[in-house]
2 protein chains.
Amino acid sequence: MARLEPMSTTTPCQRCALRALPIYRRLNEAELAFVEKFKIGEMEVQAGSDILLAGTHSAHLFTIYDGWCFRYDLMEDGGRQILSLLLPGDFIGLQTEMLGTMQHSVQSLTDVRLCVFSRERIWTIFERFPQLSFDLTWAAACGERTVEVALANVGRRPSFERLAALVMHLYRQLEGLRLVKDGTILWPLTQQHIADLLGLSTVHVNRVLRRLINSGLIRLDGRRLTVVDPGALAEIAGVDLEKPLRRPLI
Amino acid sequence: MARLEPMSTTTPCQRCALRALPIYRRLNEAELAFVEKFKIGEMEVQAGSDILLAGTHSAHLFTIYDGWCFRYDLMEDGGRQILSLLLPGDFIGLQTEMLGTMQHSVQSLTDVRLCVFSRERIWTIFERFPQLSFDLTWAAACGERTVEVALANVGRRPSFERLAALVMHLYRQLEGLRLVKDGTILWPLTQQHIADLLGLSTVHVNRVLRRLINSGLIRLDGRRLTVVDPGALAEIAGVDLEKPLRRPLI
DNA sequence: CGTTGGGTTGACTCCACTCAAAAGATGTGG
DNA sequence: CCACATCTTTTGAGTGGAGTCAACCCAACG
């Protein structure tokens, strides 16, 4: 299942394509130089691999450079709750440092390229880089807010709106990452994933998804999803279609 | 609704009763001296007051010294999702610093005493106190994990177990705070609060709560709740009854 | 090819919601 | 101390959204 392949060819942080995006804060030279040293290397992971397991102590910290992952909890009865999706720029494994062991697991949805960071050297951040320390807290706060929005979605919205909100949430995130082309985004999620994300059964997801497609609001062919009318979908989803929020990137 | 009353009599941080609890890290002298200066004063809030409102920019940071609060989102249709309960030691308003404005609101459940901190001086933490910076990130990570557990609970557990999990979660938290006496805890939640916490209707909460009481697992008289058999309830709730996790306290 | 994982559909069930009414509780002002 | 309003809890009846079970289709793949 889990297959981690260390990479030899790495991208220098200075020329990182992600970092150039306007949603991210611009690091100064000292910070950038440190991040470069903080980074151990890169890693490729196949789709469907477990990257971190709940209860374990991860050896490294990661950032997603390319691809999608998700964080999840397994329930006693074998059920699964997906806590959040992770997209390029997102941090993986910060929990370990703070809470001792991972409380949740992380799995890749697509083939993924990760940046790998040294866990020991994270303390250097707190000791010498105030702004980066702030960014770490900021990242944690962003992560928390994402889960909060998901909780409100699952707890208080009917399945149709719930699904619409999921699509629009991803649409907005990917917009900030410049990963929306003509209203079309990558859609690596199976209906099982969607069910575990939204607290529904797969059968019901199938029906609701079909209803959403038949309503003409979205189109779905293979692993690509097109939002036909983002404004209308956002209305149903109950999310405002503001520009994506700025986020930290280590 | 909102009534904030500044207090004159304040407790010095060195002799803070909370800080003595074993769940908290021991601060060194420099840190403690700083926190003392970081703290502006204390504040009393009546039960049912809005302390922070979504969309606004809070002037201060708070810590709960005594009493309960909750964080919540309002939905378009007027519904409410409670994101988490806040107990003594919990931070209020960190989001503002990170995300610009509050994304959620905060309201008091009981009469509450808050410690008030200067927002500007939070930067001093990042600049001069690495360990406290870490603690801030740690606090954010703890907050996130709490919401994650709630999400899994709401998304993947039937109402009976869901309610049991809520009770046991609180029981454990309060145990760490030495606020459990003979298996009895304060219970300031109305059935409406429980409904908004668990993603249920008030009517259904009433029936499930009654079922839980009739099963003999808990007792409820007025505003006090007794867990008759913590082990059995934890079993149903699907949570392990480990000792409460260590948490940061600024 | 057979196998496997994902998607689709129908029939049936049930958990949780809505609507509605009424009985405590609590609080306020006269 | 009573009258009245409001909040909270309780209970019943009826409905419906979402779950389960089961079968089948399809595409990918070894």
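Convention: sequence-line order gives letters A, B, ...; per-chain numbering from 1.
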- Message: Let's see if you can work this out: which of C:dT18, C:dT9, D:dA18 has an atom nearest to the side-chain heavy atoms of A:L200?
- Response: D:dA18

- Tell me which of A:R207 and A:R156 sits closer to the 5' end of DNA chain C, going by the nucleotide each one is nearest to. A:R207

- Separation of atom CD1 in B:I194 from atom P in C:dC17, rounded to whole Å: 14 Å

- How long is the line joining CG of B:D196 and P of D:dT8, in whole Å? 11 Å

- Is the centre of the A:Y72 ring less than 6.0 Å from the centre of the A:H104 ring? no

- For the side chain of A:Q191, counting heavy atoms from C-beta on, which of D:dT20, C:dG7, D:dT10 is nearest? C:dG7

- Could you state the atom-to-atom distance from CG of A:L209 to P of C:dT8 in whole Å? 7 Å

- Item | B:L163 CG - C:dA16 P separation (whole Å) | 11 Å

- Could you check B:T190 against B:H193 for side chain to side chain donor-acceptor pair (under 3.5 Å), going step by step and ending with a plain yes or no? CA-CA 5 Å; B:T190 66; B:H193 288 126; 3.0 Å; yes

- Query: When all nucleic acid strands are considered with a 4.0 Å heavy-atom cut-off, which category describes A:S201: base, sugar-phosphate, or nothing?
  - Reply: base

- Query: Atom CG of A:L198 and atom C1' of D:dG17: how far apart are they, to the nearest Å?
  - Reply: 15 Å

- Item | Interatomic distance where CD1 belongs to B:I213 and C1' belongs to D:dT9 [whole Å] | 11 Å

- How is A:T202 classified with respect to the nucleic acid when contacts are heavy atoms under 4.0 Å: base, sugar-phosphate, or nothing? nothing

- Query: B:V203 near the nucleic acid: base, sugar-phosphate alone, or nothing, with a heavy-atom cut-off under 4.0 Å?
  - Reply: base

Under 3.5 Å, which donor-acceptor pairs link side chains of residues 217-233 of chain A to any protein atom two or more places apart or in another chain?
{"unit_1": "A:T226", "atom_1": "OG1", "unit_2": "A:T184", "atom_2": "OG1", "d": "2.8"}
{"unit_1": "A:D229", "atom_1": "OD1", "unit_2": "A:G231", "atom_2": "N", "d": "3.2"}
{"unit_1": "A:D229", "atom_1": "OD1", "unit_2": "A:A232", "atom_2": "N", "d": "3.2"}

- For B:R172 and B:D240, what are the C-alpha separation, side-chain angles and deciding distance, and is it a salt bridge (charged side-chain N to carboxylate O under 4.0 Å, His left out)? CA-CA 10 Å; B:R172 273 189 66 201; B:D240 21 342; 5.5 Å; no

- Task: Scan A:G199 against the nucleic acid and name what it touches under 4.0 Å (heavy atoms): base, sugar-phosphate only, or nothing.
- Result: sugar-phosphate

- May I have the distance from B:L220 (atom CG) to C:dG24 (atom P), rounded to whole angstrom? 18 Å

- Query: To the nearest angstrom, how far is A:L109 atom CG from C:dG5 atom P?
  - Reply: 17 Å

- B:N206 side chain, from C-beta outward: closest of D:dT10, D:dG19, C:dA16: D:dT10

- For residues 185-202 of chain B, which residue pairs qualify under salt bridge (charged side-chain N to carboxylate O under 4.0 Å, His left out), counting only residues two or more places apart or in two chains? A:R156-B:D196, B:R80-B:D196

- Query: From the list D:dT11, C:dT8, C:dA16, which nucleotide is the closest neighbour of the side chain of A:R210?
  - Reply: C:dT8

- Message: Taking any heavy-atom pair under 4.0 Å as a contact, classify A:R223: base, sugar-phosphate, or nothing.
- Response: sugar-phosphate

- Query: At under 4.0 Å, does any side-chain N or O of B:S159 touch on OP1 or OP2 of C:dA16?
  - Reply: yes

